[in-house]
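Presented below is the structure to which this report refers.
Proteins get letters first, then strands, A, B, ... in listed order; numbering begins at 1 in each.
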Amino acid sequence: MPELPEVENVRRSLLQLVQGKTIQGVEASWPKIIKQPLEVEQFYDALRDQTIHDLQRKGKFLIFILDDYALVSHLRMEGHYSVNQNGDPADKHTHVTFMFSDGTELRYRDVRKFGTMHLFKKGEEDKELPLAKLGPEPFSPSFSSEYLKVEFQKTERIIKTVLLDQTIVAGLGNIYADEVLYKAKIHPERKAKTLTEKEIEKLSREMAQTLEDSIVAGGSSVNTYMDSMGLSGTYQERLKVYGRNGEACLDCGTILEKTKVAGRGTHFCPTCQKNP
DNA sequence: ATCAGGACCTGGCAGC
DNA sequence: TGCTGCCAGGTCCTGA
């Protein structure tokens, strides 16, 4: 399930494979992935003869920068891009294919069909959903522990829910939310507004550090994630709580627990992360 | 206004 | 063995 570090690794590997290529045609065998425009024919027409100039990322979204358009793509849990030769055998989970003028094609594969694509006129993408309401990333200049403190004070919600809210901070998903709460020794069900200044400072440092470390490690290959070169990440070996329920806490030896918080599987150490 | 929970999907696996 | 049914997850939408 790609979160920010995984999407960043996809961006870096895929950019090398598609930059400068011109789209000759598009085919979607599962058009529901394309959310905007509403008519898939308009999607095909708009993309014809467009050249890919850049591939950017905001939070967990990939943004293909074309001549006149920006294509915003979210991989959700299992979305995956690859570049193939035109005649390569098709995979039954490939749902959108972008055919290039050089005989290669970009294939979007997504077993669960959860991914989304939105096409906007270039420059309009930031003004519309899904990008419009994205908050800052943990390493962006507008992010700070002061910013977090203000946001936490505004809500009655528990901290885990707030960390997963992309309008507050962009980029954390279920894996890294559990990891940073563990590292900051904060119980996932604490109300965000009850966190002390020290805890918020620790938490905001861990958010940036954890995501950066994971990017360098190639992301976490939990389940099926690979980058567009087919490489797996290694950060899953460094996860301290996610998926380790039943095993010993690396700090205190207590058996790690898994519960459900806000409808999500949530891993934590009942000793290190007390709920007062 | 705020927030919780449902819908979207399918492969994998536990339980009968 | 073969079936059922639940779980995984991020985001938008709905309704309380």
Next item on the list: Could you check whether A:Lys260 gets within reach of a base, just the sugar-phosphate, or nothing at all, counting any heavy atom under 4.0 Å?
Entry: sugar-phosphate
Notebook entry, point to check: Base, sugar-phosphate, or nothing: which does A:Thr155 touch, judged by heavy atoms less than 4.0 Å apart?
Noted result: sugar-phosphate
Check: Whole Å only: how far is the CD atom of A:Glu3 from the C1' atom of C:dG9?
Finding: 9 Å
Next item on the list: Describe the nucleic acid contact of A:Gly263 in one word from base, sugar-phosphate, nothing, applying a heavy-atom distance below 4.0 Å.
Entry: nothing
Notebook entry, point to check: With respect to the phosphate group of C:dT11, does any side-chain polar atom (N or O) of A:Lys60 fall under 4.0 Å of OP1 or OP2?
Noted result: yes
Check: Given atom CG of A:Asp110 and atom P of B:dT10, what is their separation to the nearest angstrom?
Finding: 10 Å
Next item on the list: Calculate the interatomic distance between A:Glu78 atom CD and B:dG11 atom P; express it in whole Å.
Entry: 9 Å
Note to self: Measure OH/A:Tyr176 against P/C:dG9 and give the value in whole Å, please.
What the structure shows: 13 Å
Check: From A:Lys113 NZ over to A:Lys32 NZ, what is the distance, rounded to the nearest 0.5 angstrom?
Finding: 9.0 Å
Next item on the list: Check every atom of B:dG11, C:dG9, B:dA4 against the side chain of A:Lys92 and return the nucleotide holding the closest atom.
Entry: B:dG11
Note to self: Measuring from the side chain of A:Gln166 (C-beta onward, heavy atoms only), which nucleotide among C:dT11, B:dC8, B:dT10 has the closest atom?
What the structure shows: C:dT11
Margin query: Nearest to the A:Lys32 side chain among B:dC9, B:dA4, C:dC13, which nucleotide is it?
Written below: B:dC9
Check: Does CD belonging to A:Glu27 count more than 12 external heavy atoms closer than 6.0 Å?
Finding: no
Next item on the list: Please check the phosphate of C:dT11 (OP1 and OP2 only) for any side-chain N or O of A:His74 closer than 4.0 Å.
Entry: yes
Margin query: Between the side chains of A:Glu146 and A:Lys149, is the shortest nitrogen-to-carboxylate-oxygen separation below 4.0 Å, so that they form an ion pair?
Written below: no
Next item on the list: Scan A:Lys160 against the nucleic acid and name what it touches under 4.0 Å (heavy atoms): base, sugar-phosphate only, or nothing.
Entry: nothing
Next item on the list: In whole angstrom, give the distance that lies between atom CD1 of A:Ile34 and atom P of B:dC9.
Entry: 14 Å
Item checked: Closest-nucleotide 5' rank along DNA chain C - winner of A:Lys258 and A:Leu134 -> A:Lys258
Margin query: Between A:Ile158 and A:Lys35, which residue's closest nucleotide on DNA chain B lies nearer the 5′ terminus?
Written below: A:Ile158
Note to self: Does C:dG9 have OP1 or OP2 under 4.0 Å away from a side-chain N or O of A:Tyr242?
What the structure shows: yes
Notebook entry, point to check: What's the CZ-C1' distance between A:Arg76 and C:dT11, to the nearest Å?
Noted result: 4 Å
Note to self: Is the phosphate of C:dG10 approached by A:Arg264 (side-chain N or O, under 4.0 Å from OP1 or OP2)?
What the structure shows: yes
Next item on the list: Ignoring the backbone of A:Leu129, work out which of C:dC13, B:dT10, B:dA4 is nearest its side chain.
Entry: C:dC13
Item checked: Shortest side-chain distance from A:Arg112, nucleotide among B:dG11, B:dA4, B:dC8 -> B:dG11
Notebook entry, point to check: Are A:Arg12 and A:Glu8 within salt-bridge range, i.e. N to O under 4.0 Å?
Noted result: yes
Notebook entry, point to check: Hey, is A:Lys191 close enough to A:Glu156 for a salt bridge, meaning N to O under 4.0 Å?
Noted result: yes
Next item on the list: Check the angle between the aromatic planes of A:Phe98 and A:Tyr81 and answer parallel, tilted or perpendicular using the 30° and 60° thresholds.
Entry: tilted
Notebook entry, point to check: What is the distance, rounded to the nearest whole Å, between atom NE2 of A:His118 and atom C1' of C:dG10?
Noted result: 13 Å
Check: What is the distance from CG of A:Leu4 to P of C:dG10, rounded to the nearest Å?
Finding: 13 Å
